[in-house]
Amino acid sequence: MKALTFNPKNNLFSISKLPIPAIEGTDVLVKVDACGLNPVDAKISLWKLMVQGMDETWVPGLDVSGHIVKVGNKVKRWKPGDQILCHGDMFRPHGGFSEYTVQDADAIIPHPDVAPEVAAATPCAGWTAWRALNDKLKAGEHRSILITGGSGGVGGFATQIASYFNLEKIIVTCSASNHRYVAGLGATDAVDYKSEDVVARVLEITAQQGVDIGLDTVGPDNDVIVANCLRFEGQMVELVDTVRPLDYRDAFMKGLSFHQFSLGSGHRNGADAKKNLILAGKKFSSLLEQEKIKVPALEVVTLEQTGERLKEILRQRTVGKIVMKV
């Protein structure tokens with residue numbers, strides 16, 4: 001089979017010919033129809049040391065839309081021919097940038113009634129956004145939110161989810177060229193992080209009160225910005241790094257609360273964690289089927305183009321979602 005492989009010795013992506021992987025137990029072999037590109041895939045050189053046994057045959061690619069062609073001897077609920085969607089385990093070698101992939105039968109969901117490339121654009125970014133806003137922040141109970149990186153994958157879905165929950169103020173950060181784009185997703189206000197003081201602007205928009213909740217999808221020092229924009233007893237979810245309350249303005253005196261979230265941790269923390277991953281996927285897929293949420297600015301690429309596009313994601317040069325279609 002043809003696959004995009006990552007070589008941990010030189011950090012390069014290459015198109016390779018590999019044997020179709022074998023399966024057993026609770027694994028399923030899936031013929032890939034499409035696979036989403038995500039920052040976590042692009043950043044493999046940063047997390048490769050956490051993986052044992054990674055070599056030049058490693059195939060990345062977490063967000064898989066495809067059809068089951070074979071099931072392991074312990075699989076009960078799935079059969080060959082079933083169309084599925086999943087957010088895969090980054091610590092397993094046979095990912096979705098390939099003609100075939102191996103996935104855990106207990107971590108896949110029925111495919112939503114949308115095109116494969118649309119479905120594959122959603123798990124990492126969309127399910128993360130849903131769990132952050134719904135499970136962690138209880139966004140439906142609040143009136144205002146700040147989302148950094150509103151024109152990116154997670155940020156774009158989070159903006160739509162905030163609009164779905166009817167928040168009054170949905171403030172996002174993005175470059176000035178993307179202001180119209182995020183407004184189309186439901187943002188009520190867009191702040192140009194390149195030319196504006198984000199904290200001052202958010203306080204101006206909220207009559208100096210700050211926002212009820214915040215989501216940082218960007219990383220380096222944006223957690224400080226989001227935390228400093230929170231109102232009394234505000235809450236924040238950090239997706240990229242570890243929260244550091246001692247660096248946030250008046251975190252104790254304002255009674256602020258902070259959440260960490262990693263969608264992939266659903267694979268590594270037992271049955272309950274995996275259940276939460278599945279529930280998020282099913283709920284998000286339902287919203288997608290109902291057209292409550294859309295996949296904006298979808299770009300479809302070939303397997304041969306995927307390596308270069310991952311490099312561009314690493315340089316934070318993308319808007320919306322990119323999907324590889326076989």
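Computed from a predicted model, the values in this text were never measured in an experiment.
Counting heavy-atom neighbours within 6.0 Å of Lys136 NZ, excluding the residue itself, gives a total above 12. Counting heavy atoms of neighbouring residues, nucleotides and ligands inside a 6.0 Å radius, atom CE of Met50 exceeds 12 of them. No more than 12 heavy atoms of other residues, nucleotides or ligands shown are found within 6.0 angstrom of CD on Glu291. Heavy atoms of other residues, nucleotides or ligands lying less than 6.0 angstrom from CD of Gln290 number more than 12.
For the side-chain contact (heavy atoms from CB on, under 4.5 Å) test with Arg92, the passing option among Val59, Val102, Leu62 is Val102; the others fail. Shown are Phe157, Phe165, Phe284; of these, the ring-ring contact (aromatic ring centres under 6.0 Å, His included) with Trp130 is made only by Phe165. The side-chain contact (heavy atoms from CB on, under 4.5 Å) with Thr148 is formed by just one residue from the set Asn222, Val172, Leu239, Val198; it is Asn222.
Residues Glu196 and Ala190 approach most closely at OE2-O, 4.4 Å, considering heavy atoms. Taking both residues in full, the closest heavy atoms of Pro123 and Leu263 are given as O-CD2, 3.5 Å, listed atom of the first, atom of the second, then distance. Here the closest non-hydrogen pair linking Pro60 and Ile44 is CB-CD1, 4.3 Å.
Between the side chain of Glu238 and the main chain of Leu215, no donor-acceptor pair closer than 3.5 Å is present. Side chain of Thr5 to main chain of Ser14: a donor-acceptor pair is present (N/O by atom type, distance under 3.5 Å, no hydrogens or angles). No donor-acceptor pair closer than 3.5 Å links the side chain of Asp63 to the backbone N or O of Cys35. Of the possible donor and acceptor atoms, one in the side chain of Thr122 sits under 3.5 Å from a partner among the backbone N and O of Ala119. Within the 3.5 Å criterion, the main-chain N or O of Asp212 finds no donor-acceptor partner in the side chain of Gln235. In terms of modelled atom types and a separation under 3.5 Å, the side chain of His142 and the main chain of Leu137 share a donor-acceptor contact. Checking side-chain atoms of Asn38 against main-chain N and O of Val40 turns up no donor-acceptor pair under 3.5 Å.
You'll find the side chain of Glu289 reaches within 4.5 Å of the side chain of Asp113, heavy atoms only. Between Lys48 and Asn11, the closest side-chain pair of non-hydrogen atoms falls below 4.5 Å. With contacts defined as side-chain heavy-atom distances shorter than 4.5 Å, the pair Val211/Arg231 does not qualify. Counting heavy atoms from C-beta outward, Met324 and Phe97 have side chains that approach closer than 4.5 Å. Proximity of Leu277 to His267: side-chain heavy atoms (C-beta onward) are separated by under 4.5 Å at one or more points.
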Identify every side-chain donor-acceptor pair in residues 68-78 under 3.5 Å, counting partners at least two apart or on other chains, and give the distances.
| unit_1 | atom_1 | unit_2 | atom_2 | d |
| --- | --- | --- | --- | --- |
| Asn73 | OD1 | Gly25 | N | 3.2 |
| Trp78 | NE1 | Ala105 | O | 3.1 |

Side chain to side chain donor-acceptor pair (under 3.5 Å) between Asp192 and His179, worked out:
CA-CA 8 Å; Asp192 182 2; His179 283 193; 5.3 Å; no
Does the pair Leu18 and Thr57 meet the rule for a side chain to side chain contact (heavy atoms under 4.5 Å, CB included), with working shown?
CA-CA 8 Å; Leu18 301 175; Thr57 66; 4.2 Å; yes
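Under the rule for a side-chain hydrogen bond (donor to acceptor under 3.5 Å, both in side chains), the partners of Thr101 that lie at least two apart in sequence or sit in another chain are Gln103. For Asp135, the salt bridge (Lys or Arg N to Asp or Glu O under 4.0 Å) test picks out Arg131, with sequence neighbours left out.
The aromatic rings of Trp58 and Trp47 lie perpendicular to each other, with more than 60° between the two planes, well past the 30° mark.
Ile147 and Met236 fall into different hydrophobic clusters, where Ile, Leu, Val, Met, Phe, Trp and Tyr side chains are chained together by heavy-atom contacts under 4.5 Å. Following chains of ILVMFWY side-chain contacts shorter than 4.5 Å, one cannot reach Val301 starting from Leu12, and the two form parts of different hydrophobic clusters.
In summary, the aromatic rings of Tyr248 and Phe258 are positioned with their centroids under 6.0 Å apart.
Under the 4.0 Å criterion applied to side-chain N and carboxylate O atoms, Lys274 and Asp104 are assigned as salt-bridge partners. The residues Glu141 and Lys138 are annotated as not salt-bridged, no charged nitrogen and carboxylate oxygen being separated by less than 4.0 angstrom. A salt bridge does not link Lys2 to Glu99: none of the charged side-chain nitrogens sits closer than 4.0 Å to a carboxylate oxygen. Salt-bridge formation is detected for the pair Arg244/Asp223: a Lys NZ or Arg NE/NH1/NH2 atom is positioned less than 4.0 Å from an Asp or Glu carboxylate oxygen.
Interatomic distance, CG of Leu303 versus OG of Ser98, reported as 7.5 Å (0.5 Å rounding). A distance of 10.5 Å separates CG of Asn276 from CG of Asn269, quoted to the nearest 0.5 Å.
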